[in-house]
Amino acid sequence: MTLFRLDASIRADGSASREIADIVEQEWLAAHPGDTVERRHIGVDVLPADAWGNAVSGGFAAPEDRTPEQESAVKLATTLTDELVNADAVLLAVPLYNWGVSQHFKAWFDLIMTDPRVRAPEGLLPGKPLVLATVRGGGYGPGTPKHGWDYNTPYLQRMLGELWGADLTVVERELTLAEVNPAMEPLRPMAAQQHAEALDAAREAGKAFGV
Ligand SMILES: Cc1cc2nc3c(=O)[nH]c(=O)nc-3n(C[C@H](O)[C@H](O)[C@H](O)COP(=O)(O)O)c2cc1C
């Protein structure tokens, strides 16, 4: 069996989303020893920004009429979609950046949305187990000044769960910047508690994921 893992953090070291995803991946491998994990780190190995436009226009052109750029963008979109469709389970680690998803994630998502398979009535990933590990530096709960400003998590829930039809589990962690931002010092005990809870939730999600 194959687990497909996508990391969207722009850093490889000290990443809170990777920490959660590592736990989920370890639980998956514990339940499926010897299985394959296919990886793509779009925050570091960035997809070309012009690929989406070329994939859209290439999709409207007859294959023999495509420019080399369109052909290569359509191929890239097919590869990205194959990675998802061919996996038995999917793990996405996607931080909140500027109150939304990063351009890197959106480039990946938009390329996949050019593949004709997304138009299947049951969605691209019907019933496929998918764990979303998402983290944010601040706090967005009810009563906080930025309540409602997290446009990453609800967007992803709708796209992955409703549009693509995946069997979605979300593991979240807030206040990841509390330890490094002096202004957030009073929030550190709460941040530590949320950190521990997120790691517990990751273990739980990973165990259920691996079944
Ligand atoms: C460029 C940039 C923009 C960010 N924007 C936000 C934001 O809008 N809201 C927020 O709560 N945190 C924001 N953060 C903080 C990240 O969500 C936080 O550092 C998170 O832990 C990053 O994921 P990672 O630890 O997996 O790398 C931002 C961080 C960076 C580097």
Side-chain angles (χ1 to χ4, degrees), residues 3-29 37-49 52 80 83-84 87 89-110 130-161 166 168-206 209:
L3 170 67
F4 173 71
R5 170 171 171 176
L6 182 95
D7 283 282
S9 170
I10 54 175
R11 56 188 181 159
D13 295 326
S15 156
S17 57
R18 288 184 73 90
E19 183 183 34
I20 293 172
D22 284 347
I23 292 172
V24 176
E25 177 185 322
Q26 281 155 19
E27 293 293 348
W28 167 273
L29 287 173
V37 181
E38 301 283 351
R39 299 168 201 282
R40 192 173 274 277
H41 193 164
I42 53 169
V44 173
D45 299 320
V46 174
L47 296 166
W52 174 60
L80 299 177
E83 287 171 349
L84 282 178
V90 175
L91 171 58
L92 305 181
V94 187
L96 176 68
Y97 289 124
N98 297 326
W99 302 289
V101 293
S102 66
Q103 56 160 318
H104 302 146
F105 181 87
K106 196 62 169 41
W108 176 83
F109 181 83
D110 285 345
L130 191 158
V131 172
L132 168 67
T134 189
V135 301
R136 32 200 185 265
Y140 295 83
T144 60
K146 287 278 190 289
H147 179 53
W149 281 57
D150 170 12
Y151 292 100
N152 172 52
T153 316
Y155 168 74
L156 291 172
Q157 281 173 312
R158 180 143 283 164
M159 295 303 115
L160 306 172
L168 178 65
T169 303
V170 182
V171 179
E172 302 174 78
R173 178 181 162 200
E174 290 198 332
L175 304 176
T176 65
L177 291 177
E179 278 305 317
V180 294
N181 182 346
M184 294 174 75
E185 211 220 317
L187 298 171
R188 284 180 190 162
M190 195 192 294
Q193 190 188 335
Q194 292 198 12
H195 187 184
E197 285 171 3
L199 300 194
D200 282 346
R203 277 184 281 274
E204 211 174 292
F209 193 43

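Residue indices begin at 1 and follow the sequence shown. For ligands, and for the atoms within them, numbers begin at 1 and follow the listed sequence.
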Using a heavy-atom cut-off of under 4.0 Å, does the side chain or the backbone of W149 touch ligand 1, or both, or neither?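 Neither; no heavy atom under 4.0 Å.
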
Protein heavy atom at shortest distance from [atom]:
atom                    : answer
atom 12 (N) of ligand 1 : G137 N, 3.2 Å
atom 11 (O) of ligand 1 : Y140 OH, 2.7 Å
atom 27 (O) of ligand 1 : S9 OG, 2.6 Å
atom 14 (N) of ligand 1 : L96 O, 3.6 Å

Is N181 reaching over with its side chain to a backbone N or O of A183, donor-acceptor style, under 3.5 angstrom?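 Pair found, side chain donor or acceptor close to backbone of A183.
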
Polar contacts were defined as any N/O atom of the residue lying under 3.5 Å from an N/O atom of the ligand; does this apply to I10 and ligand 1?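 Among all N and O atoms of I10, none is under 3.5 Å from an N or O of ligand 1.
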
Does any N or O of ligand 1 fall below 3.5 Å from an N or O anywhere on G138, backbone included?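 There is such a contact, yes.
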
Considering W99, Y151, Y97 one by one, which has a heavy atom nearer to atom 31 (C) of ligand 1 than any of the others?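 Among W99, Y151, Y97, the closest heavy atom to atom 31 (C) of ligand 1 belongs to Y97.
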
From the candidates N98, T134, L177, the one that places a heavy atom nearest atom 4 (C) of ligand 1: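 Of the listed residues, N98 has the closest heavy atom.
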
Exercise: identify the closest heavy-atom pair between W149 and Y140: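 Of all heavy-atom pairs spanning W149 and Y140, the closest is CB-CE2, 3.8 Å.
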
In terms of atom number and element, which parts of ligand 1 are under 4.0 angstrom from non-hydrogen atoms of T176?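 So the answer, numbered in order with elements, is 18 (C), 19 (O), 20 (C), 21 (O).
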
